[in-house]
Amino acid sequence: MKKRLKPSVADIKLHKNQQMSLYIPISKEDDRINRLILINRQSSEEINLPLTEKDVNENLRLLYARLDYGKWKTKLLNGEIWDLYLQNGEGNHRLRTTKNAIELMRIKEEESGKTFHPYITKKGNVSFRFSEIDFFAGITNVQLSDQGKLRVEGLLEEVNLRNVSDANLLLKDALNVESRHPLQIEEQPSEGFHFFTTEVDLPETVTEELPNYLISSIELETDDGNQTMWRESPRLKYYSKDSLEEIFVTSFEDINVKFKISTSKIANYLTIHMLEDNIVKEFTNKLEKEIVKARRGKRALKFYKKVFQLVSYLPSKHNLVVFESFHGKQYSDSPRALYEYMKENTPSYTLIWSADRRHYEEFVERGLPVVRRFSLKWLLVMTRAKYWVTNTRLPNWLPKPKDTEYVQTWHGTPLKRLAADMDEVHMPGTNTLKYKSNFIKEANKWDYLVAPNQYSSEIFKSAFLFGKNMIESGYPRNDYLIQENNQETIDQIKEKLELPLDKKVVLYAPTWRDNQFYQRGKYKFDLSLDLQKMRDELGDEYVIVLRMHYLIAENFDLGPFEGFAFDYSKHEDIRDLYLISDLLITDYSSVFFDYANLRRPIIFYVYDIDEYRDSLRGFYLDLEKEAPGPLAKTTEEVIDSIKEFERSGFELSGSFEQFYERFCAWETGESSKRVVETVFK
């Protein structure tokens, strides 16, 4: 019986005529190969790559294929991600690779500015994608120098060094604290790459918690004569055929510290661990990690599901309510508003928060009753609770106990198409059919759904296929905006956030892009708003506060704009930022529906509206006709709009009043009361 086919891509080469060659060695005994194909992950469209072969030796033969980018360009551009398969009589088989530097084989698409390149997926398979990567870099060696410093060597994609004014290696520690280390770059490139070196100073003292360093990326400051800009490579991988010198020991204040340099198994990302050279502690740490790993594994999840199902048959506690906001990451939004109302007005209920393990301490510090998400205690609380109150989807595998009532507040009036109303889904880790199916399966568990206005109520019914209890109350979270809109509260929040009391505040709150991501649940965002121009034109009278969507993973360096730009993306509740801001800049985020309750100016910065509207999501509203404020496509237009509002005394148009009546009329500061009186009879 023949063994299951497990070939892999041994090499990928890029030619100057925008063609890529792929080399796949296989056994001579395996004569079942039919073809090599690329399959579009979203649409399942296929591209056949002709195969040729030659004998290598008596046991091995080499398959060879060529991907002609010029020939397939139009078709390739129709999909973000293409997966590579080898087909035989038994079906399609995903191809892995033994080469870890395949991302370096890239083709720059001049018209769109995107880059087409192969990459290794989380599971170690070969795929091709379009991404907005500016340049590549990689690490070839890390070692301890004679001076007691970490010496890092690597390669950098060929750039015009005459335009480079600054170049650094970016490191991040376990607390996400960044440090930059100057690069020495060889001027003469070899095979399209410059070689670089840098040295990293080790900490002078050792604390109880030894830091771990993530070698993050290369940053370049370039000046082409017209503008100065910072450019950043993707996260660095280890590119070398030689084995890495993994462990060395040095001393700090009579403590022996072991430096362990490791690479992730598939992606080859580098991490530098600092450990006390103590066998007992090292064994204990390793054991703890293995326990955590097992707890998060597939078997553990399967066991957890079964236990949840069994325990859910126990009688529910009729006065127990569990609250969760944004997957347990925040104490915020409508669940917070309902919790605070019930705490004051329904003392007979037991109220508990569900918190993500990474944010658990934030709830503890607030003195909130809290349970860690997916812990054993959480399982017991969730299965016995009479009510679940959340603003996002819970895991699909989570069964709703028969006596539990699920209150879904959702988290915004929809502008972008949702769930069943979406034509195509471009998010990582799913496809259109799977996404819609999972969403509707989850929505079928909801017993109550909160609607902020009639427009949303109608959309929720169609998008979620929801036919149970729609609570047409307005959003509980917006009670705060109605009740606390006074100068005393505004000044108190500004002082807490260390914002100047004598300047106007501009809030910039954009949403995420489905097709721009690092991984599932972590999305990229390019800060297209030119902060330098904003400060030059408005800095005397304004400050700007950034509030990114909770799915956006970027950490922005606002050092050059100290005193003007502030990043409060991690502030627990955006409601405070609404209150203190004199003006909102957004794009396709639902924040503008909530902000309109304050009757303050809104500017829509929609530099990519054509792509977003026509390719990614589609809109329920015609934003260009119905937006309650001006649309801008450049930073200059944003600045002009702000100045125009100033000249008019921040006066709002008649179209704004029409918008307010349509979307905000239900919100009178008593939405929490209406929801509680409906659900908790």
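The first residue in the sequence is number 1, and the count goes up from there.
Looking at Glu670 and Tyr341, their side chains never bring a donor and an acceptor atom within 3.5 Å of each other. Checked by atom type, the side-chain pair Thr489/Glu484 shows a donor-acceptor distance below 3.5 Å. Using modelled atom types, one finds no donor on one side chain facing an acceptor on the other under 3.5 Å when comparing Ser348 with Asn319. For the residue pair His327 and Asp356, no side-chain donor N or O sits within less than 3.5 Å of a side-chain acceptor on the partner. Residues Thr413 and Asn453 have side chains that bring a donor and an acceptor to within less than 3.5 angstrom of each other. Inspection of the Asn391 and Thr409 side chains reveals no N or O donor paired with an N or O acceptor under 3.5 Å. Side-chain atoms of Thr383 and Tyr313 include no donor-acceptor pair closer than 3.5 Å. Judged by distance alone, the side chains of Ser127 and Thr121 never bring a donor and an acceptor atom under 3.5 Å apart. In this structure, a donor-acceptor pair under 3.5 Å is present between the side chains of Glu340 and Tyr331. A side-chain donor-acceptor contact under 3.5 Å links Trp378 and Ser354.
Closest heavy-atom contact between Val322 and Val381: CG2-CG1, 3.4 Å. In terms of heavy atoms, Asn597 sits closest to Glu667 at ND2-OE1, 2.9 Å. The two residues Tyr578 and Leu598 come nearest to each other via the heavy atoms O-CD1, 3.4 Å. Closest approach of Ile81 to Asp83, counting heavy atoms only: CG2-OD1, 3.8 Å. The nearest pair of heavy atoms linking Trp82 to Lys75 is CZ2-O, 3.3 Å. In this structure, Ala463 and Ile440 approach most closely via the heavy-atom pair O-CD1, 3.7 Å.
With sequence neighbours excluded, the residues that form a ring pair (Phe, Tyr, Trp, His ring centres under 6.0 Å) with Tyr387 are Phe680. Considering only residues two or more places apart in sequence or on other chains, His117 meets the ring pair (Phe, Tyr, Trp, His ring centres under 6.0 Å) condition with Phe136.
The distance from the CG atom of Asp594 to the OG atom of Ser590 is 6.0 Å, given to the nearest 0.5 Å. With rounding to the nearest 0.5 angstrom, the CD atom of Glu677 is 9.0 Å from the CG atom of Asn345. Going from atom CD of Gln408 over to atom OG1 of Thr392 covers 7.0 Å, rounded to the nearest 0.5 Å. Rounding to the nearest 0.5 angstrom, the gap separating the OH atom in Tyr339 from the CG atom in Leu351 is 6.0 Å.
When atom types are taken as modelled, the side chain of Gln87 and the backbone of His93 share no donor-acceptor pair closer than 3.5 angstrom. At distances below 3.5 Å, at least one donor-acceptor pair connects side-chain atoms of Gln483 with backbone N or O atoms of Gly669. Checking side-chain atoms of Tyr455 against main-chain N and O of Pro414 turns up a donor-acceptor pair under 3.5 Å. A donor-acceptor distance shorter than 3.5 angstrom exists from the side chain of Thr404 to the backbone of Ala385, with no hydrogens or angles considered. Side chain of Ser312 to main chain of Gln309: a donor-acceptor pair is present (N/O by atom type, distance under 3.5 Å, no hydrogens or angles). Without hydrogens or angle criteria, Ser325 side chain to Ser332 main chain gives a donor-acceptor distance under 3.5 Å. The closest donor-acceptor contact from the side chain of Lys329 to the backbone of Arg358 lies at 3.5 Å or more, if one exists at all.
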| query | Between Ser581 and Tyr595, does a side-chain hydrogen bond (donor to acceptor under 3.5 Å, both in side chains) hold up when you go through it step by step? | reply | CA-CA 10 Å; Ser581 59; Tyr595 191 78; 3.2 Å; yes
| task | With ring-ring contact (aromatic ring centres under 6.0 Å, His included) as the test, would you mind laying out the steps for Phe464 and Phe439 before giving the verdict? | result | CA-CA 7 Å; Phe464 303 143; Phe439 213 124; 5.3 Å; yes
| task | Give the intermediate values and the outcome of side-chain hydrogen bond (donor to acceptor under 3.5 Å, both in side chains) for residues Tyr607 and Asp587. | result | CA-CA 9 Å; Tyr607 54 89; Asp587 46 16; 5.4 Å; no
| task | Decide yes or no on side-chain hydrogen bond (donor to acceptor under 3.5 Å, both in side chains) for Glu365 and Tyr360, but give the supporting numbers first. | result | CA-CA 9 Å; Glu365 289 170 4; Tyr360 177 79; over 6 Å; no
| field | Full working for salt bridge (charged side-chain N to carboxylate O under 4.0 Å, His left out) between Asp447 and Lys400 | value | CA-CA 11 Å; Asp447 296 292; Lys400 182 170 76 75; 3.2 Å; yes
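In this pair, Trp410 and Trp446 present their aromatic rings tilted. The plane angle is within the 30 to 60° band.
Lys343 NZ: 12 or fewer foreign heavy atoms inside a 6.0 Å radius. With a 6.0 Å radius and a threshold of 12 heavy atoms from other residues, nucleotides or ligands, Lys317 has its NZ atom at or below the threshold. Residue Lys673 places its NZ atom among 12 or fewer non-hydrogen atoms of other residues, nucleotides or ligands, all under 6.0 Å distant.
Within the 4.5 Å cutoff, the side chain of Val606 has heavy atoms near those of the Tyr588 side chain. Residues Leu415 and Leu623 form a side-chain contact, since some pair of their non-hydrogen atoms from C-beta on lies under 4.5 Å apart. Side chains of Ile482 and Thr668 form no contact here, defined as non-hydrogen atoms less than 4.5 Å apart. Between Lys386 and Val321, every side-chain heavy-atom pair lies at or beyond the 4.5 Å cut-off. Under the 4.5 Å side-chain criterion, counting only non-hydrogen atoms from C-beta, Phe460 is in contact with Leu418. Residues Pro452 and Trp666 have side chains not in contact (no heavy-atom distance under 4.5 Å, counting atoms from C-beta outward). Between Leu579 and Ile493, some side-chain heavy-atom pair lies under the 4.5 Å cut-off. Under the 4.5 Å side-chain criterion, counting only non-hydrogen atoms from C-beta, Ser334 is not in contact with Val450.
The salt bridge (charged side-chain N to carboxylate O under 4.0 Å, His left out) analysis of residues 368-384, with sequence neighbours excluded, yields the pairs Glu324-Arg373.
Residues Phe593 and Phe659 place their aromatic rings such that the two centres sit under 6.0 Å apart.
A salt bridge links Asp573 to Arg336: one of the charged nitrogens lies within less than 4.0 Å of a carboxylate oxygen. Ion pair Arg366/Glu362 not flagged as a salt bridge, since none of the NZ, NE, NH1 or NH2 atoms sits closer than 4.0 Å to an Asp/Glu carboxylate oxygen. Using a 4.0 Å cut-off between charged nitrogen and carboxylate oxygen, Glu626 and Arg662 count as a salt-bridge pair.
Phe374 does not carry Arg357 over the face of its six-membered ring by the limits of under 6.0 Å from the centre and within 45° of the normal. Judged by the 6.0 Å and 45° rule, Arg129 forms no cation-pi pair with Phe116. A cation-pi arrangement is present between Arg599 and Tyr660 under the rule of less than 6.0 angstrom and at most 45 degrees off the ring axis. Taking the ring centre of Tyr475 as origin, the terminal cationic atom of Arg477 falls inside the region bounded by 6.0 Å and 45° from the ring axis. Taking the ring centre of Tyr568 as origin, the terminal cationic atom of Arg547 falls outside the region bounded by 6.0 Å and 45° from the ring axis.
The only member of Phe663, Phe656, Phe604 that meets ring pair (Phe, Tyr, Trp, His ring centres under 6.0 Å) when paired with Phe592 is Phe604.
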